[in-house]
Every structure is written in C-alpha cells, then in structure tokens.
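First the structure, in the form of structure tokens, and then the observations on it.
So that the names make sense, note that chain A is the first sequence line, chain B the second, and so on, each numbered from 1.
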There are 2 protein chains.
Amino acid sequence: MTQPGRPRRSTIADVAQHAGVSTTAVSKVLRNAYGVSPAMREKVTASIKELGYRPHAAARAMRGRTFTIGVLFPDLRNPFFPDILDGIDAQIAGTEYQVIIVRGGASAKTESSAIDALVDRQVDGLLMVAPLNTRKRLEEVARILPTVVLGPHDKSAAYDSVADDDAAGVELVMEHLIGLGHRRIAHIAHGDIGLARVSTSLQTIRAETYKRVMRDHGLADEIAIATTSYTETGGYDGARELLARDARPTAIFAGADLAAFGTLAAVHEAGLSVPGDISVAGYDNTRMAGLAHVSLTSVDQDGVTLGRTVGRLLLERIEGRTTPVRFFISPSLVARLSTGPAPS
Amino acid sequence: MTQPGRPRRSTIADVAQHAGVSTTAVSKVLRNAYGVSPAMREKVTASIKELGYRPHAAARAMRGRTFTIGVLFPDLRNPFFPDILDGIDAQIAGTEYQVIIVRGGASAKTESSAIDALVDRQVDGLLMVAPLNTRKRLEEVARILPTVVLGPHDKSAAYDSVADDDAAGVELVMEHLIGLGHRRIAHIAHGDIGLARVSTSLQTIRAETYKRVMRDHGLADEIAIATTSYTETGGYDGARELLARDARPTAIFAGADLAAFGTLAAVHEAGLSVPGDISVAGYDNTRMAGLAHVSLTSVDQDGVTLGRTVGRLLLERIEGRTTPVRFFISPSLVARLSTGPAPS
DNA sequence: GTGAAAGCGCTAACAC
DNA sequence: GTGTTAGCGCTTTCAC
C-alpha cells in the first residue's frame, strides 16, 4: 500500500524538535489552548510553516476531535442538495472543520451502514438529510455524537431538527392550482422504501397535506396519487400512470422538481400541452426550474439558508450544547408558466 | 463534545476478553490474516457479533489502513457525477471499503485544501475527478497515496488515468452538425479558473477539438467561443453572448449538458426555435437530456463504466500495483430533436 | 508557562 | 497457532 519513495510526513515531534520546545507546547499552539507565551507561539508557528506540518487527523481522533463533519445524503442527484452544502460551507468557513459526504442509498439498511461508516471515522458532528432510518436509530447515533437532522418533521430530545414547512409549501401549490380552477389535481409521491419513518418524512407530509387540502376543498373524490420516487424516472412513470386513468387530471403536482421534469416529459410525449391541457408544479425550485424553456412553477425552500442553519446548530452542539433545537423555515411559491387556468 | 450518557464503544480488548483470547488473535481475525485456527476464528466472530464490535477507523489508521476511498469532485451539481459513484460502488461492493466524497470547489486553491483534507484523513486511495490542480501537485499527492485521476488526458508515472476520449466525442457532435449543413457553429467552453492544467483538462480538449474540426472543414472564420462555465448559468450567459453577435450561429455546441440547458433557455428567451433556428447539442448525456420535452442531442460517455474502471484501478493500486495504467473510453453520439438541418 | 509521560485502539514484530 | 509487547501521532493530566 505504501508508495515507494513515500516521503515521511512530519509530526508534532518534528515540529517540537525544530522549534526547540516540547510536543506539549506544539499541541497547545495547534489547539489555541491556554498557557503559551507569545514568544513560544511564534516560534512554533514558524516551525510549523517551515516544515509544512499538518496534523494527522487519525492521531487526533484517538484523543480529541477530528475536525470533520459528516453529511449524509440519500443520493446526489437532487440538485437541491448542493445548495445545502453551500450553506454549510458558508457557515463553517474560517473554522478548521472539513465536510465529508456519504451517500445513504435507497434503503434504510444501506443508509444505516453509511451512518456507521461516519461514526467509525469519528466525525465530530453528523448531519443527516432526509434520512430513511427510524427515529430510534437516529437517536442511537445522536447519543454517540452531535447530530442534526434535516428534512423529517421530527422532534427528538437527542438531536436538532431543521425542516422546511412542507405542509405550508404544499398548501401554497394547492391553493395556487385550485385558484386557477383545477379540481382534478393529481400528486406524484415518493415511496418510503425502508418504510421506517412513514409519518414524519417530508415525502409523507407532502402527500398527506395534498390529500388534506383536497378534502378541505371538497375534492376528496378527485384525489389521485402515483407513488414512485422523487426522480426523473419516477416522475415520468408516475405521470404516465396518472394520464392513463379514466378521469385525466388537469394538474399534476410532483413532490419534487426532479419528478416534475419527468412529468413534463410524459405529458409532452402524450401530445398534451403545458399548461393548456395540464398544469405541472414541482417542489425545491431548482435552477433548472427557473430556466425559460422549462419555467416550472415550484416551491422555494432556500437550501442555502437551511444549510447555514444546520451548520450553525452542528457547531453549537460540537461546542457542547445538549438542549435540542428545532427550526422550521417557511417556503414560498414561485409561479411560472407551467401552471395556468384549468381547461374549461 | 462528548454527549452525556455516551455509551463506551467496545474495543478489540473487550472482544479479546469476552472470547478469552489475545487482542492479536482478534486483530488477525478482523484482517483475515494468516495463522488463526477455525475454532479461534469462530469464537472471536461470535464475540464480535455479541458485543456489536466495529473497528475504530482512527486507531486502524495509525498502523494500517482506514478502508476508506476518498473521491474529489469539483462540485456536485453535474448530474453526471452520481453515475461515476454508482460505478465505483458497484466495483467495491463486497469489500470493506467505504467511499467518502469532498467538493473541490471552483478554484485550484480550494481544491488543493480539499485534497489535503483527504490526505490528512488517511484515505487508502484517492480519486480525483476533473481536478484543477497542476500535474505536479497531483503527482505530489500520488506519491503519498494510491491515486487515480479521472478526466484530464494526463499521462503520469505516479497515478492512473481514466478519461473519456473527449476529442472523439467532440468530433462526433461536430460531424453531426456539419453533416446537417451547419457552418456557423459556436461553442460554449468552461474557463479554467485555476489556469493550472490548461492543456490537458477535458474542457480544454473539448474546446481545442472544436476549433480543430472547424478549421479542418474550412470553417476557421466561423469559430466562435463563449468561455463561461459548465453550468446552467454559464450556458445561459454564453448563449446570450453568442446570440448577440453579428453573425448569429445556427448551432451551439455546449461542452456539457448543464450548459446546454442554459443555452436552450437563452435561445427560447430570444424567441428562436430549436432546432428550426438554432440547433443545440451538449455533452454527458444526462438523464435530463433524454426527457421528451428536452430531447437534447448529447455525447454519452457511460459514467458507470468510467466509475467501475476507476474503482478497479484504485483497488489494484491499494493492493500494491505501482505501474501506471491509462484508460480511454469511447463516447457515442445520441442524436435527438434539439439538432436539425441548418436553416437555409 | 513549560515539559515529561501516560494512553487512546489498533497492528505487526517477535517470542513462545 | 497463539500471546506479549512496542509503538503509530496526538492530547492531556500533572509535576515543576
């Protein structure tokens, strides 16, 4: 494994020797710890620089922190996720922390081992985005290390929660469509494969709110849901299924932009026009949605702000906070050309 | 930092005690090392399971490997990247290895510290996708740990290279467009911000090949390049610039699908039709490109195969191979409805 | 304010 | 085939 000619990396001992001080002193300077004279600090800093010394994360991990924040995403295809990362990065800029990312995959099981991988690697803090695992499992992890969960509308004493107010977002879309005269409004939902956290997952909240709003408006009989996934393919398949039904919907609300894009494809393939025959709306307000030729009506939930919030909470927890915090951010509707009056 | 009530994690010593053997024995079982009797193996395995023991990556890192593969992406917005990860995952499935991902950002400098972060965390192998840093810098890293570089057409004795044959891909697009009668074909390129590896970066190869093909066909005077970035915004801005020029292009070849999507938006906003007034082509053949309402002509480079190849090479290197390997994969053209005959 | 020394969990010589 | 032991590079008491 070792490469030939591999140059030996300098250690804290090398720095200490070079600066003519003890390793303790170097360690203290490194950690900005109490009890170092300015002169000492300067000497050490100079030696560190000269030797190009960087601390070994693994060695640090044995006694202290790794200065690593682990982020778990279900996948990396949703263009909304990078926004969250931008927010986190903005928040931790200037600290020594580094973000590492892992993919949880489509099942609670693969996700669980991804979480283990992060725990085994001793991350100082953990962010789980839209996790599939049970709250029990998440709390188990949260007992081991500072944890923030983004997405599910959970409330736990063990971790912080940050979520978009999905119910409010769905209401915005639905009121918009209903205001345009639509009655046969269908929904494309994301099936929870793990089935672990059915009630509080954002996808469930979105689907349930859709149903509730339909009922509230006396449209209970018009409820039509295709349960696939929040992906292009999921949206495509779901829309094809919905379009094939007897009473064809006049509007389709996909639970995510990615699915809305697939929906647009299916509608197009069916020879129908948007929004003439069918209105289409999404959720996430991705960059793609804003492009002129797509012009998808969507719900904006400001991923960067979500990311900043999450980053801040994580740092606070790492610094010692243990009282749980819960944040909701309010989404807003961005109406574009993919939605219009219901056909008469 | 430590959470209250944090349960102490079991160690190799706990397992040894529980099984009534030495820590060495446990370690050997863990590593499938030589010299353990079946009986011993069984006892130890049982104890590991019972105690729910998992090795501490940090402690392992101090002496051996971390079973971690680091992957560096410039960003996570390009929908082509998850395909690569799928390939890597497929390849390392069944091994103990775990992939962690970091973002390099838009500059060679931020990328360089992302690389450092991975090195500091003792990953066993490193994959750099479309890196911005100089070859010198990459070789410096490759001397420290097993490295594979994906994207640039580099040749180095220190690391393995895997790349799409970008020249061939661009030729496919250009011949396609020229065959359709286009002469004023413009290109949207990605500017190398770090400027570090100008000549061999995939973006440079694509732009240079575009120019070469134009010249080869006697179209040197028609060469028109907008240098922005391989993003939606980059494509949008680039296309607006190109469309504003005196001799408006009849075709725009964007160096990446993401940029092509932005181009489509700009063309649409300008009131022009695709492909009636302007043909548009991209590169990467992302899922989005295949959707009916987008139907973007693009170059397919099979990210999953790229990922598998990269994963295999990395494992080989970790196992000890030091002779460099270089792979090219051949792209293919997927012609769709966004390209058509040049307007007469 | 400074340094000596113990020890984090694991692996790898080496002895038995 | 099995166990003892010496570190890996760092942080952290605890003397001075």
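At whole-Å resolution of the value, CG in B/D120 and C1' in D/dG9 are 13 Å apart. Remark: P of D/dT4 and CD1 of B/I12 are 14 Å apart, rounded to the nearest angstrom. Protein atom CZ of A/R41 is 10 Å distant from nucleotide atom P of C/dT2, rounded to whole Å. The nearest whole Å value for the distance from the CE atom in A/M62 to the P atom in D/dC10 is 12 Å. Protein atom CD of A/Q122 is 18 Å distant from nucleotide atom P of D/dG9, rounded to whole Å. The interatomic distance linking B/K28 (NZ) with C/dT11 (P) rounds to 12 Å, in whole Å. As rounded to whole Å, 18 Å separates atom P of D/dG7 from atom NE2 of A/H56. Distance B/L51 CG to C/dG9 P: 14 Å, rounded to the nearest Å.
Contact check on B/R312 versus B/E316 returns a salt bridge, with a Lys/Arg side-chain nitrogen under 4.0 Å from an Asp/Glu carboxylate oxygen. A salt bridge does not link A/D154 with A/R137: every distance from a Lys NZ or Arg NE/NH1/NH2 to an Asp or Glu carboxylate oxygen is 4.0 Å or more.
Set against C/dT11, D/dT11, D/dG3, the side chain of A/S27 has D/dT11 as its closest nucleotide. When each of C/dC8, D/dT11, D/dG3 is scored by its nearest atom to the side-chain atoms of B/M40, the top-ranked nucleotide is D/dG3. Here the side chain of A/P55 is nearest to one of C/dT11, D/dC10, C/dC10, namely D/dC10. Picking from C/dG1, C/dG9, D/dG3 the nucleotide with the shortest atom distance to the side chain of A/Y34 gives C/dG1.
At C/dC10, none of the side-chain N or O atoms of B/R65 fall inside 4.0 Å of OP1 or OP2 (strictly under the cut-off). Between D/dT4 and B/S22, no contact under 4.0 Å exists linking OP1 or OP2 to a side-chain N or O. Taking only side-chain nitrogens and oxygens, B/T11 never comes nearer than 4.0 Å to OP1 or OP2 of C/dG9. Side-chain N/O atoms of A/R60 include one lying less than 4.0 angstrom from OP1 or OP2 on D/dT11. Between B/R63 and the phosphate of D/dA6, there is no side-chain N or O to OP1/OP2 separation shorter than 4.0 Å. Checking the phosphate oxygens (OP1, OP2) of D/dT2, a side-chain nitrogen or oxygen of B/S37 falls inside 4.0 Å. For the pair B/Y53 and C/dC10, the criterion of a side-chain N or O lying under 4.0 Å from OP1 or OP2 is met.
Among the candidates B/R65, B/R54, B/R60, B/R31, the single residue satisfying the salt bridge (charged side-chain N to carboxylate O under 4.0 Å, His left out) test with B/E96 is B/R60.
Comparing B/A59 and B/G20 by the nucleotide of DNA chain D that holds the closest heavy atom to each, the one mapping nearer the 5' end is B/G20. Looking at which nucleotide of DNA chain D each of B/V21 and A/S10 is closest to, the 5′-most match is held by B/V21.
If you check distances only, the side chain of A/T24 does reach the base of C/dA4 with a donor-acceptor pair under 3.5 Å.
Using a 4.5 Å heavy-atom cutoff, the side chains of B/T68 and B/R121 are not in contact.
Across all strands shown, B/V26 has no heavy atoms under 4.0 Å from either base or sugar-phosphate atoms.
Ring planes of B/H153 and B/F328: perpendicular class, angle over 60° (limits at 30 and 60°).
Residues A/Q122 and A/A61 come closest through the heavy atom pair NE2-O, 3.4 Å.
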